[in-house]
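Below is one structure, written out as structure tokens; comments come after it.
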Amino acid sequence: MTVQWSYSSLKTFQQCPKKYFHLKIAKDVENEGGEAANYGKLVHKAAEDYIRDGTPIPKQFQYMVPILDALNKIPGKKFCEIEMGIAIHKGKFIACKFDAPNYWWHGIADLLIVDGGVAWLVDYKTSKNAKYADTKQLDLLAAATFLHFPGVLEIKSALAFVVSNEFVRKEHDRVMRHKYLDVMKPELDRLEAAVENKVWNPISGPLCKFCPVKTCVHNKG
């Protein structure tokens, strides 16, 4: 069975299958996001405007300027918040639009710089530190980049923790592009099984009180 997914939606499923069901399947609740999520959106918008248009960084985000200036100096064509999709056609992965009806996976790269056969891929993070960094997101975005930009042979990727000024780096090679799409396979297999069997068991955790699914027995908010 094949489901449509993204890195973030699969992480939601990992956090709680019931939450995933209500947000992505039934679509009877909306995730408005908390303070941290809204702050992250503002950071991403400020970085996008600065890199793409040269718009001055708002005072509260000035700490990002050194990182963004370093990225700006990298030669090549810059794509901010670039949307990419991957579809499966006759058993092969192919590039498609982010919102294509037949997409298999889709995601957004915060910053992609392409210079001939080399590309730089950056995802901004607003966590206080890089302690729980997960580079699987970079693997997926790198695989999509190789499909959307056939001339790219290698990618220098990084999670940029703009608050703590840390970079978690990873390099990707074109010959490995299909393997990068397997990094979430165990989680994806569990999601496909849940969809097929219509089983969406809730998981109790410290974030339950912030969950938009107010009908869940674990939601004490």
Original post:
Is it true that a side-chain atom of R174 and a backbone atom of F146 form a donor plus acceptor pair closer than 3.5 Å?
Top reply: yes
Original post:
What distance separates S127 OG from N129 CG, expressed to the nearest 0.5 Å?
Top reply: 7.5 Å
Subject >> Minimum heavy-atom distance between V152 and A119, given as atom pair plus value >> reply: CG1-CB, 3.9 Å
Original post:
Is there a donor-acceptor pair closer than 3.5 Å between any side-chain N or O of E166 and the backbone N or O of A130?
Top reply: yes
**OP:** Examine distances only and state if a side-chain atom of S9 and a backbone atom of W5 form a donor-acceptor pair shorter than 3.5 Å.
**Re:** no
Original post:
When rounded to the nearest 0.5 angstrom, what distance separates CZ in F21 from CG in N201?
Top reply: 12.0 Å
Original post:
Would you say L121 and M184 are hydrophobically clustered, going by side-chain heavy atoms of ILVMFWY under 4.5 Å?
Top reply: yes
Subject >> Y7 and its side-chain hydrogen bond (donor to acceptor under 3.5 Å, both in side chains) partner, picked from D134, T12, D123 >> reply: D134
Original post:
Does the side chain of F79 come within less than 4.5 Å of L111's, by heavy atoms?
Top reply: no
**OP:** Flag the pair T135 / V168 as yes when at least one side-chain heavy-atom distance between them is below 4.5 Å, and no otherwise.
**Re:** yes
Subject >> From F13 atom CZ to L188 atom CG, the distance as rounded to the nearest 0.5 Å >> reply: 9.5 Å
Subject >> Test side chain to side chain contact (heavy atoms under 4.5 Å, CB included) applied to F167 and L159, step by step >> reply: CA-CA 6 Å; F167 280 90; L159 298 175; over 6 Å; no
Original post:
If you measure from NZ on K24 to CG on L10, what distance do you get to the nearest 0.5 Å?
Top reply: 11.0 Å
Subject >> Sequence neighbours excluded - ring-ring contact (aromatic ring centres under 6.0 Å, His included) pairs with any residue from residues 111-135 >> reply: H44-Y124
Subject >> Hydrophobic cluster identity match, L140 and I94, side-chain contacts under 4.5 Å >> reply: no
**OP:** Quick one: closest heavy-atom pair of V162 and M64, and the distance?
**Re:** CB-CG, 3.8 Å
Subject >> Distance (rounded to the nearest 0.5 Å) between K209 NZ and H218 NE2 >> reply: 16.0 Å
**OP:** For the pair K131 (side chain) and K128 (backbone), establish whether a donor and an acceptor sit closer than 3.5 Å, ignoring hydrogens and angles.
**Re:** no
**OP:** Identify the heavy atoms of A143 and L181 that sit nearest to each other, and give their distance.
**Re:** CB-CD2, 3.6 Å
Subject >> D69 and Y50, any side-chain heavy atoms less than 4.5 Å apart >> reply: yes
**OP:** Look at the aromatic rings of W200 and Y20 and report parallel, tilted or perpendicular, splitting at 30° and 60°.
**Re:** parallel
Original post:
side chain to side chain contact (heavy atoms under 4.5 Å, CB included) between V213 and K18: does it pass, once the steps are laid out?
Top reply: CA-CA 8 Å; V213 185; K18 183 174 177 62; 4.2 Å; yes
Original post:
Do the side-chain N and O atoms of Q15 and K11 include a donor-acceptor pair separated by under 3.5 angstrom?
Top reply: no
**OP:** Take K125 and Q137 through the test side-chain hydrogen bond (donor to acceptor under 3.5 Å, both in side chains) and record every step on the way to the result.
**Re:** CA-CA 12 Å; K125 297 297 181 185; Q137 183 178 12; 2.8 Å; yes
**OP:** Determine, for K185 against E192, whether the closest basic-nitrogen to carboxylate-oxygen distance falls under 4.0 angstrom.
**Re:** no
**OP:** For the pair H89 and K92, evaluate side chain to side chain contact (heavy atoms under 4.5 Å, CB included) and give the outcome as yes or no after the intermediate values.
**Re:** CA-CA 5 Å; H89 180 65; K92 293 184 178 181; 5.8 Å; no
**OP:** State, with a plain yes or no, whether a side-chain heavy atom of M84 is found less than 4.5 Å away from one of C96.
**Re:** no
Original post:
For the residue pair C216 and P202, what are the closest heavy atoms and their distance?
Top reply: SG-CB, 3.9 Å
Subject >> Any side-chain heavy-atom pair of L23 and P212 under 4.5 Å >> reply: yes
Subject >> same_hphob_cluster(I74, L141) at 4.5 Å side-chain heavy-atom cutoff >> reply: no
Subject >> Under 3.5 Å donor-acceptor, Y180 side chain and D173 backbone >> reply: yes
Subject >> Pairs meeting criterion salt bridge (Lys or Arg N to Asp or Glu O under 4.0 Å) with involvement of residues 139-150, two or more places apart >> reply: D139-K170
**OP:** Say whether, by atom type as modelled, one donor and one acceptor occur between the side chain of R169 and the main chain of K156 under 3.5 angstrom.
**Re:** no
**OP:** Side-chain contact test, heavy atoms from C-beta onward, threshold under 4.5 Å: evaluate it for K77 versus I113 and give yes or no.
**Re:** no
Original post:
Could you walk me through whether S6 and H106 pass the side-chain hydrogen bond (donor to acceptor under 3.5 Å, both in side chains) check?
Top reply: CA-CA 5 Å; S6 66; H106 66 189; 4.8 Å; no
Original post:
Where the side chain of E154 meets the backbone of V118, is there a donor-acceptor pair that is under 3.5 Å apart?
Top reply: no
Original post:
Is it true that a side-chain atom of H148 and a backbone atom of G85 form a donor plus acceptor pair closer than 3.5 Å?
Top reply: yes
Original post:
At their closest point, which heavy atom of I203 faces which heavy atom of P17, and how far apart are they?
Top reply: CD1-CD, 3.6 Å
Subject >> Hydrophobic cluster membership, F161 vs V122, 4.5 Å side-chain cutoff >> reply: no
Original post:
If Ile, Leu, Val, Met, Phe, Trp and Tyr residues are connected whenever their side-chain heavy atoms lie under 4.5 Å apart, and connections chain through other members, are V199 and V195 in the same group?
Top reply: no
**OP:** Might you point out which heavy atoms bring L71 and K78 nearest each other, and give the distance in Å?
**Re:** O-CE, 3.6 Å
Subject >> Non-hydrogen side-chain atoms of W104 and Q4 separated by less than 4.5 Å >> reply: no
**OP:** Can you run down the side-chain hydrogen bond (donor to acceptor under 3.5 Å, both in side chains) pairs that involve residues 51-67, sequence neighbours left out, and say none if there aren't any?
**Re:** Y39-Y63, E48-R52, D49-R52
Original post:
Within a strict 4.5 Å, meaning less than it, do heavy atoms of the V114 and L112 side chains meet?
Top reply: yes
Subject >> Evaluation steps, side chain to side chain contact (heavy atoms under 4.5 Å, CB included), between D110 and E81 >> reply: CA-CA 4 Å; D110 294 337; E81 301 298 320; 3.2 Å; yes
